[in-house]
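Before any comments, here is the structure.
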Number of protein chains: 2
Amino acid sequence: MKPEFSRRQPVNETRCERCSLHARCLPLGLDLKALESFDAIIERPRPLKRGEALVRQGDHFESLYVVRSGSLKQSVAQEGQRDQVTHFYLPGELVGLDGIGDTACYGSVVALESAFVCELPFSRLEDLAERLPELRGQLYRCMSRELRNDQRMMCLLSGRTADQRLASFVLGLSERFRARGCSPYCYHLSMSRSDIGSYLGLALETVSRVLGRFQDQKLVSVEGRELTIHEHAALVALAEEGVGRHSGI
Amino acid sequence: MKPEFSRRQPVNETRCERCSLHARCLPLGLDLKALESFDAIIERPRPLKRGEALVRQGDHFESLYVVRSGSLKQSVAQEGQRDQVTHFYLPGELVGLDGIGDTACYGSVVALESAFVCELPFSRLEDLAERLPELRGQLYRCMSRELRNDQRMMCLLSGRTADQRLASFVLGLSERFRARGCSPYCYHLSMSRSDIGSYLGLALETVSRVLGRFQDQKLVSVEGRELTIHEHAALVALAEEGVGRHSGI
DNA sequence: CGTTTTGCTTGATTCATGTCAAAAAATCGC
DNA sequence: GCGATTTTTTGACATGAATCAAGCAAAACG
């Protein structure tokens, strides 16, 4: 069993200054004084059990959240269609940016495993941003980065094959784990095949089959939800390959 | 021939106060004094010819742009793959939000027809936002709205059939035209079938065929790039239908 | 004003991926 | 620890949409 985030983030480490996510979190770049003001507006870590909802679609928008440990998924339910998973969130990532300026939350956010989140009431964050240009900049940058991620996702969904989508997905997670100081080559998938399928626009059976094929080709090994990357370069090559759908090049 | 935006927006109307897009544009909600400060940082309308690039992928990010007339597309070129269209921009819409905090522009933005854009140098906009809370809020709201749009797009791309994608596309444009005071039932497509296909993740032949089928079913008529919606309700029903891909409901 | 280019439509065929079904494995609850 | 539930794998089959290949229409160009 791999160590999980929850084990690495003792609950009592409640101050931003001491938080090990400091370097990847919203208050990045704030000086000590600013960080203390920031720290002051945070609602202290809130524990979530697997399957528990942090926000429900349609809830009144009030806060952003930073994942402190564990992982979550966002999913949106539309008009009698199957729920669609739109995001996975790892420690340090910001939840709720898509609710700003809207009355209701766009989707539901649910814990995929035991998790802690810090709550940032948006109105207080705005007040603080008025005084802290750095924080303002960070907020813009976070939103803009998310826009770029979403666009990358749109490209993935509209132009690439199932194999390429899964290669990108596996590599994307790998990169995110690496950035958090976890092994990029061997990690735990906290989401089900069905979640992955929904996120990537594939049937869950296809996810299972492709992962199996990757394993046969010795690119990765998958045992349940433990994934090990063996041929990083080959996955990159596959993900970037010119021959997607709609006659590549 | 329908009136086009360019005919409705005389070039010499250069002040924000007199701009007819006022109500849909970034400075929405600013008081007169604030509006004047905002007006002062705008680089005056810049004309673009069909096919001309406003920004090229990889350009250094410096400014946001507001479309004043005409329309544009954003497309990103990846690793030897076919270009992928990621956005269409209509008058009043904000171009470039995805470049904030990044050194380079994420994609190229090209005029689909003759167009004018107002340039907003981002550093000056940031300075101004420091003093104008309303403007700050507007910026957050614009970015957040775009996040929601991108997510809607992701849902469209990963869960819906070709017919549903095109129905949504046609209705989406209709809504955007309506919001701009143009006819929502009869409008001009400034983009090619190939652009639409790229945007929706479909082959251009499929776009052509589905549009043809819609015409046979008397939902719309399409003559070249002139589109008329006959059965709005039926299109809505189709777009929202539970039976997408991945066994609806 | 004819020629070339570009964009659009249409048909035939193929293929990747979805759907349905059932078994196997893992996880959960008591 | 054992039956019940959920998740995952695997197989057989169906099908929507891509691809390939013309042909046609409408601009753009000399």
Side-chain angles (χ1 to χ4, degrees), chain A residues 1 49-51 73 81-82 84-85 112-114 156-167 188-198 200-216 220-227 238 241-249, chain B residues 1 49-51 73 81-82 84-85 112-114 156-167 188-198 200-216 220-227 238 241-249:
Chain A
M1 202 68 192
K49 283 182 298 205
R50 184 177 135 90
K73 68 173 175 185
Q81 291 157 221
R82 195 181 65 157
Q84 164 114 17
V85 175
L112 288 168
E113 57 192 317
S114 301
L156 193 72
L157 290 172
S158 74
R160 330 289 352 248
T161 64
D163 288 40
Q164 294 175 320
R165 291 183 209 192
L166 270 156
H188 181 80
L189 298 165
S190 57
M191 66 294 283
S192 69
R193 303 288 192 266
S194 166
D195 287 336
I196 298 174
S198 173
L200 294 176
L202 300 169
L204 69 94
E205 294 93 329
T206 305
V207 174
S208 178
R209 269 186 259 266
V210 173
L211 247 26
R213 202 182 313 141
F214 282 0
Q215 177 149 255
D216 293 346
V220 303
S221 19
V222 216
E223 287 178 47
R225 293 189 176 184
E226 298 301 319
L227 188 142
L238 179 55
E241 202 168 294
V243 292
R245 313 187 317 140
H246 316 129
S247 46
I249 292 279
Chain B
M1 201 67 192
K49 281 181 298 206
R50 184 177 136 89
K73 67 173 174 184
Q81 291 155 224
R82 196 180 65 157
Q84 163 114 20
V85 176
L112 288 167
E113 58 193 316
S114 303
L156 193 73
L157 291 173
S158 73
R160 330 292 348 250
T161 64
D163 288 41
Q164 294 175 320
R165 293 183 206 191
L166 270 155
H188 180 79
L189 298 165
S190 57
M191 67 294 285
S192 68
R193 302 291 193 265
S194 166
D195 287 335
I196 298 174
S198 172
L200 294 176
L202 300 170
L204 71 94
E205 293 94 328
T206 305
V207 174
S208 178
R209 269 186 260 265
V210 173
L211 249 24
R213 202 180 316 141
F214 282 0
Q215 177 150 255
D216 293 347
V220 304
S221 19
V222 216
E223 287 178 49
R225 296 190 173 184
E226 298 301 319
L227 187 143
L238 178 55
E241 201 167 297
V243 292
R245 314 187 316 141
H246 316 128
S247 46
I249 293 274

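Reminder, nothing fancy here: chain letters follow the sequence lines and each chain counts from 1.
- As rounded to whole Å, 7 Å separates atom C1' of D:dT7 from atom CZ of A:Arg225.
- With hydrogens and angles ignored, the 3.5 Å screen pairs a side-chain donor or acceptor of A:Arg165 with a backbone N or O of A:Leu157.
- Regarding B:Leu200, its CG atom lies at a distance of 16 Å from the C1' atom of D:dG16, rounded to whole Å.
- Using a 4.0 Å cut-off, no side-chain N or O of A:Thr161 falls inside it from OP1 or OP2 of C:dA16.
- Between the CD atom of B:Glu205 and the P atom of C:dC8 there is a distance of 12 Å, rounded to whole Å.
- Residue A:Arg225 qualifies as enclosed at atom CZ: its count of foreign heavy atoms under 6.0 Å is above 12.
- Counting only heavy atoms from C-beta on, B:Leu204 has its side chain closest to C:dT9 among D:dA17, C:dT9, C:dT17.
- Smallest separation of non-hydrogen atoms from B:Ser158 and B:Arg245: O-NH2, 3.3 Å.
- Residue B:Arg209 contributes atom CZ, which lies 9 Å from atom P of D:dA18 at whole-angstrom precision.
- Residue A:Ser208 has its side chain nearest to D:dT8 when only C:dT19, D:dT8, D:dC20 are considered.
- Minimum heavy-atom separation, A:Val222 to A:Arg193: CG1-NH2, 4.0 Å.
- Atom CZ of A:Arg160 and atom C1' of C:dA16 are 15 Å apart (whole Å).
- Rounded to whole Å, the distance from CD on B:Gln164 to P on D:dG16 is 12 Å.
- Protein atom CD of A:Glu223 is 13 Å distant from nucleotide atom C1' of C:dA26, rounded to whole Å.
- For the pair B:Arg165 CZ and D:dA18 C1', the computed distance is 12 Å after rounding to whole Å.
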